[in-house]
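What follows is a short report on a single structure.
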Protein chains: 2
Amino acid sequence: MMLKIGELASKTDVSHHTLRFYERQGLIAPAGRSDSGYRLYSDLDVDRVGFILSAKKVGFTLLEIQQLLELEITKDDNSCGDVKCFVDKKISAVNQRMLEMKRIKKSLQALSKACCGGSVPATQCTILEALSEQKN
Amino acid sequence: MMLKIGELASKTDVSHHTLRFYERQGLIAPAGRSDSGYRLYSDLDVDRVGFILSAKKVGFTLLEIQQLLELEITKDDNSCGDVKCFVDKKISAVNQRMLEMKRIKKSLQALSKACCGGSVPATQCTILEALSEQKN
DNA sequence: CTTGACCCTAGACCATAGTCTAGGGTTTAA
DNA sequence: TTAAACCCTAGACTATGGTCTAGGGTCAAG
């Protein structure tokens, strides 16, 4: 019934290093310990690791996952609105990042487009010139 | 003519900490030193910091900026094609990142959309359920 | 001749998400 | 009984881009 860390590791495909790291981060804790101090995990813990992996896959940081897990645990005291709000905040953070990346991409494309790209020496390369320009 | 680090810092709006950090990273080096060991910078160094800032603004990492600066310095031996290739590689890296972010955003939006978001207890919140699901 | 503002080096510290090692103890199977 | 495979803690190390501190030295004004 109870799994040792190596068993949980191979079952979830998360290294024992990482499992212990997640424990230090407060994401997961063993259900108990054996007499000799070995961590013992239950099926619930397997699910919990699954939750962590799913949340990682959709882009949450470990800190955010910790907060999500807290919502999970106290879900009787939290509304769907709370959870949705959490996700929506993340969505707008992602949107912010994407706008930033779009800006960067455009700048890079402008640089690339203006450059002849030929085998002439880069002495007057428009890219290098653009980057050297003082734009206050 | 020659600037001390504090002067360069205020002229470029980059802290003296960061300037020394950039020096350790090989991005910039003072033109010389005073008798007492103070770093002395020339106008070229001001331009160089400008180059670094511009390149940062378009999304290059410090390592990439170091490589760009090398291209800059040896530009007589490099072709426009080399420089353009460098920029184009960065563009496709940015594209990769953007695709990843799009994937994440879609997942998050799917989660959010499925959730009622009401003030009902989150006991059966679809978001928490989706994250708890085992997807092998 | 002292005070304050500046400069120096070397190294610690922050977040993020792990990975790995050293130096032990335990369990299992031959 | 001994060797392999596992487990433990504590802490170092990776990349990235800085920020800050400790503990000094230098320089200009009053």
Side-chain angles (χ1 to χ4, degrees), chain A residues 2-41 45 48-49 51-69 90 93-94 96-97 100-101 104, chain B residues 2-41 45 48-49 51-69 90 93-94 96-97 100-101 104:
Chain A
M2 297 300 255
L3 304 171
K4 281 183 287 180
I5 198 167
E7 293 161 336
L8 181 62
S10 59
K11 199 160 193 170
T12 58
D13 225 27
V14 172
S15 79
H16 60 281
H17 292 300
T18 301
L19 287 172
R20 281 191 281 245
F21 172 69
Y22 285 169
E23 185 176 332
R24 281 204 297 281
Q25 302 303 110
L27 295 183
I28 191 173
R33 293 272 182 154
S34 76
D35 289 347
S36 48
Y38 288 14
R39 288 170 179 81
L40 296 175
Y41 297 95
D45 294 322
R48 202 171 163 96
V49 175
F51 185 99
I52 294 169
L53 292 179
S54 304
K56 265 173 63 68
K57 211 172 285 175
V58 296
F60 288 110
T61 67
L62 296 189
L63 178 61
E64 287 163 343
I65 293 170
Q66 196 197 326
Q67 293 162 354
L68 268 173
L69 281 164
K90 185 69 187 178
V94 168
Q96 276 303 105
R97 280 289 297 143
E100 175 70 4
M101 300 225 63
I104 285 168
Chain B
M2 298 297 258
L3 304 171
K4 281 184 286 181
I5 198 167
E7 292 160 337
L8 181 60
S10 59
K11 200 161 193 171
T12 59
D13 224 27
V14 171
S15 80
H16 60 284
H17 292 299
T18 300
L19 287 172
R20 282 192 280 247
F21 172 69
Y22 285 168
E23 185 176 332
R24 281 205 296 283
Q25 301 303 111
L27 296 183
I28 191 173
R33 292 272 182 155
S34 76
D35 288 347
S36 48
Y38 289 14
R39 288 170 179 80
L40 296 176
Y41 298 95
D45 294 322
R48 201 172 165 95
V49 174
F51 185 99
I52 294 170
L53 293 179
S54 303
K56 264 172 65 69
K57 211 173 283 175
V58 296
F60 288 110
T61 67
L62 296 189
L63 177 61
E64 287 163 343
I65 294 170
Q66 196 197 325
Q67 293 162 354
L68 267 173
L69 281 164
K90 185 70 186 178
V94 169
Q96 275 302 105
R97 280 290 297 144
E100 175 70 5
M101 301 224 62
I104 284 168

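What you see below is based on every heavy atom in this structure, not just the backbone, and it leaves out hydrogens, waters and symmetry mates.
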Cut-off 3.5 Å, no hydrogens considered: what does the side-chain donor-acceptor table look like for residues 20-33 of chain B, sequence neighbours left out?
unit_1	atom_1	unit_2	atom_2	d
B:Glu23	OE1	B:Arg39	NE	2.7
B:Arg33	NH1	B:Gly37	O	2.9

Let me test you: for the helix from C:dC1-D:dG30 to C:dA30-D:dT1, what is the angle between the axes at its two ends (five pairs each), rounded to 10 degrees?
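Rounded value for the end-axis angle: 40°.
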
Check the distance between [N]'s [atom2] and [X]'s [atom1] and give it to me in whole angstrom.
| X | N | atom1 | atom2 | result |
| --- | --- | --- | --- | --- |
| B:Asp35 | D:dG25 | CG | C1' | 14 Å |
| A:Arg97 | C:dT16 | CZ | P | 14 Å |
| B:Ile52 | D:dG18 | CD1 | C1' | 14 Å |

Using a cut-off of strictly less than 4.0 Å between a heavy atom of the residue and any atom of DNA chain D, enumerate the qualifying residues of residues 59-69 of chain B by number.
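Heavy-atom cutoff 4.0 Å gives B:Thr61, B:Leu62.
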
Contacting residues from residues 6-25 of chain B, given that a heavy atom lies under 4.0 angstrom of DNA chain D:
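Listed by number, they are B:Ser15, B:His17, B:Thr18, B:Phe21, B:Tyr22, B:Arg24.
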
With sequence neighbours excluded, what pairs up with A:Glu64 under the side-chain hydrogen bond (donor to acceptor under 3.5 Å, both in side chains) test?
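Residues passing side-chain hydrogen bond (donor to acceptor under 3.5 Å, both in side chains) with A:Glu64: A:Thr61, A:Lys90.
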
side-chain hydrogen bond (donor to acceptor under 3.5 Å, both in side chains) with B:Thr12: which residues, sequence neighbours excluded?
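With neighbours one apart ignored, the set is empty.
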
By a strict heavy-atom criterion of less than 4.0 Å, which residues belonging to residues 27-34 of chain B are in contact with DNA chain C?
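Residues of residues 27-34 of chain B under 4.0 Å from DNA chain C: B:Arg33.
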
Measure the [atom1]-[atom2] distance between [X] and [Y] for me, rounded to the nearest 0.5 Å.
| X | Y | atom1 | atom2 | answer |
| --- | --- | --- | --- | --- |
| A:Arg48 | A:Tyr41 | CZ | OH | 11.5 Å |
| A:Leu19 | A:Leu8 | CG | CG | 5.0 Å |
| A:Leu68 | A:Ser54 | CG | OG | 11.0 Å |

Compare every heavy atom of A:Ala9 with every heavy atom of A:Ser15, then report the nearest pair and how far apart it is.
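In terms of heavy atoms, the two residues are closest at C-CB, 4.2 Å.
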
Using every non-hydrogen atom in the two residues, find where A:Ile65 and A:Ile52 come nearest and quote the distance to one decimal.
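Result for this residue pair: CD1-O, 3.7 Å.
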
Can you tell me if the side-chain N/O atoms of A:Lys56 get under 4.0 Å from OP1 or OP2 in C:dG18?
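Indeed, a polar side-chain atom of A:Lys56 lies that close.
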
Can you list every pair that meets salt bridge (charged side-chain N to carboxylate O under 4.0 Å, His left out) and has a residue in residues 7-19 of chain B, with sequence neighbours left out?
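Every pair satisfying salt bridge (charged side-chain N to carboxylate O under 4.0 Å, His left out) with a residue in residues 7-19 of chain B: there are none.
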
Is there side-chain contact between A:Leu69 and A:Gln66, with at least one heavy-atom pair below 4.5 Å?
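No; the side chains remain at least 4.5 Å from each other.
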
Consider the side chain of B:Arg39, meaning its heavy atoms from C-beta on, and name the nucleotide among C:dC8, D:dC8, C:dT27 that approaches it most closely.
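Given the options C:dC8, D:dC8, C:dT27, the side chain of B:Arg39 is closest to C:dC8.
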
What residues, two or more places apart in sequence or in another chain, satisfy side chain to side chain contact (heavy atoms under 4.5 Å, CB included) together with B:Ser10?
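Partners of B:Ser10 by the side chain to side chain contact (heavy atoms under 4.5 Å, CB included) criterion come out as none, since no residue qualifies.
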
Side chain to side chain contact (heavy atoms under 4.5 Å, CB included) partners of A:Tyr38, counting only residues at least two apart:
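Partners of A:Tyr38 under the side chain to side chain contact (heavy atoms under 4.5 Å, CB included) test: A:Lys4, A:Ser34, A:Ser36.
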
Polar atom pairs (N or O), protein with nucleotides 28-30 of chain C, under 3.5 Å:
none

